Participant: 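I have a structure here, written as structure tokens, and I will follow up with some questions on it.
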There are 2 protein chains.
Amino acid sequence: MSDQLTSREGTRERIVEAARELFFEQGYNATGMSQILNRAEANSGSLYHFFQTKEDLLVAVLEKYKLMLCPMVIEPAKQRASDPVDRLFAILMGYRMLLEATEFRLGCPIGNLALELSNSHPRARQLIEENFEGWVGEVRAIVDEVSDRLPEGMDAECVATLLLSAMEGGVMLARTYRSLEPFDRTVHAVRLMFDQLVRGGSEWSAPLTATSTP
Amino acid sequence: MSDQLTSREGTRERIVEAARELFFEQGYNATGMSQILNRAEANSGSLYHFFQTKEDLLVAVLEKYKLMLCPMVIEPAKQRASDPVDRLFAILMGYRMLLEATEFRLGCPIGNLALELSNSHPRARQLIEENFEGWVGEVRAIVDEVSDRLPEGMDAECVATLLLSAMEGGVMLARTYRSLEPFDRTVHAVRLMFDQLVRGGSEWSAPLTATSTP
DNA sequence: GTCTATAACTTGATAGAC
DNA sequence: GTCTATCAAGTTATAGAC
């Protein structure tokens, strides 16, 4: 760290951040390099000094998202709730808050790029996969805390994957409908099923097997 | 019908179909008009005779998808299963089959366009909403057949919305991972929760209230 | 590392003959 | 309704001075 006296890295970071915001708001193909340069207040020469192609810049954005997962998504949710199950839904509520605050313009930046680029940009696809994998890993770690209460045939990986799918789908519907209702309906359905699944929630810790009464 | 002797409508339909395929495979912004003309084997003059702008063509594609929902998605699934709950999951399996057949290149054409265009193309956003609304309506009608077995606090609209969100999220993950595993995990989790929710499936029709034993 | 100017190409869309 | 030719603007990327 601090290995070189040269370059405060200010310009590079400004460019990555501008690209990140614009890709988030408009998508990758709809965002032009000139637009990125405007927002970053940088010049073409600077951009292509750091990144050889537009796709290289996209890669840098997706690397940044991997670093942002915990400080921006996971930790804030953990601070808002202490019970494991509540923490899972606090993560989902983070996306709900963003949808509301931006009037449905912003949802999940990764999901945004996933469908647009998975067929055409292999390096981006790989990094998007790693971003999803990070999300599922963090969420699975929380689910693991209550995994003794999961019924047979259901493991923490399954639950975490469902939470990610439901979140991404719910965000997609909310942005399309410009309403929180489909997102809320999705989360409500998951929560209700979830409560039946990890029967009893945090108060009880009695492990459950196939057929049992509350 | 057959109101005019002129124009067999062949060209217009070829253009719409070519655009539909390319938007599905590549997205809207990544598809150029010239590419559409190539695939449709038509000329620029013909295209702009039928559609004033690229967005007008997109609108025609989304109108076509509304007509395709039942014959291409709902009815085939209904033919593959007779029990209502099985029919719901047969619809999801339709998307799984498409993912598999296209090696994860094609998932849901509407979800594809939803995230790309919801911020920037109001007319498209409205039509995408109508497509989702059609899907949820068809699925809700199936859920209604077992709605007497849903627990308190859960209605058919909620269940149908969860199924759409889970499908869209599952498709997104499968296309990103280039694997059916995340899709299957998602569906498996929903199915397990579902079976607990509409306890017993089609054999039993005993309505359930809050706390009860299997 | 940053600047300006611009190359090389593609884009969505149009004009006008047929 | 179809054709060819083409426009103006925008695209990603580069060149070369500073």
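Both backbone and side-chain heavy atoms feed into the values below; hydrogens, waters and symmetry mates do not. Keep in mind the model is a prediction, meaning the values are calculated, not measured. Just so we're on the same page: letters track the sequence lines, and every chain starts at 1.
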Participant: For the residue pair B:Arg178 and A:Glu129, establish whether any side-chain heavy-atom pair is separated by less than 4.5 Å.
Facilitator: no
Participant: Distance check needed: C:dT2 C1' versus A:Arg12 CZ, whole Å only.
Facilitator: 16 Å
Participant: Quickly work out the A:Leu57 CG to D:dT12 C1' distance and round it to whole Å.
Facilitator: 12 Å
Participant: Over all heavy atoms of both residues, which pair between B:Thr186 and B:Ala166 is shortest? Give the atoms and the distance, please.
Facilitator: CG2-O, 3.7 Å
Participant: Atom CG of A:Asn38 and atom C1' of C:dT4: how far apart are they, to the nearest Å?
Facilitator: 15 Å
Participant: Only one of A:Gln26, A:Arg175, A:Glu25 forms a side chain to side chain donor-acceptor pair (under 3.5 Å) with A:Asn112, so which one is it?
Facilitator: A:Arg175
Participant: Send over the distance from B:Phe50 CZ to C:dA13 C1', rounded to a whole Å.
Facilitator: 17 Å
Participant: Quick one: do B:Gln126 and B:Glu130 satisfy side-chain hydrogen bond (donor to acceptor under 3.5 Å, both in side chains)? Show the steps, please.
Facilitator: CA-CA 6 Å; B:Gln126 170 65 29; B:Glu130 290 170 22; 2.8 Å; yes
Participant: To the nearest angstrom, how far is A:Leu37 atom CG from C:dT2 atom P?
Facilitator: 12 Å
Participant: Quick one: list whatever passes ring-ring contact (aromatic ring centres under 6.0 Å, His included) with A:Phe183, sequence neighbours left out.
Facilitator: none
Participant: Within a strict 4.5 Å, meaning less than it, do heavy atoms of the A:Pro76 and A:Arg80 side chains meet?
Facilitator: yes
Participant: Distances under 3.5 Å between protein N/O atoms and the N/O atoms of nucleotides 9-12 of chain C, please, pair by pair.
Facilitator:
residue : atom : partner : partner atom : Å
C:dT11  : OP2  : B:Ser34 : OG           : 3.4
C:dG12  : OP1  : B:Thr31 : O            : 3.3
C:dG12  : OP1  : B:Lys54 : NZ           : 2.8
C:dG12  : OP2  : B:Met33 : N            : 2.6

Participant: Indicate yes or no: at least one non-hydrogen side-chain atom of A:Phe23 is less than 4.5 angstrom from one of A:Ile36.
Facilitator: yes
Participant: Between atom NE2 in A:His121 and atom P in D:dT12, what is the gap in whole Å?
Facilitator: 11 Å
Participant: Below 3.5 Å between N/O atoms, which protein atoms pair up with nucleotides 3-7 of chain D? Just atom names and distances, please.
Facilitator:
residue : atom : partner : partner atom : Å
D:dC3   : OP2  : B:Asn43 : OD1          : 2.2
D:dC3   : O5'  : B:Asn43 : OD1          : 2.9
D:dT4   : OP2  : B:Asn43 : ND2          : 3.1

Participant: With a distance cut-off below 6.0 Å to the six-membered ring centre and an angular limit of 45° from the axis, does B:Lys54 pair with B:Tyr48 as a cation-pi contact?
Facilitator: no
Participant: Can you check the A:His49 NE2 to D:dC18 P distance for me, whole Å?
Facilitator: 19 Å
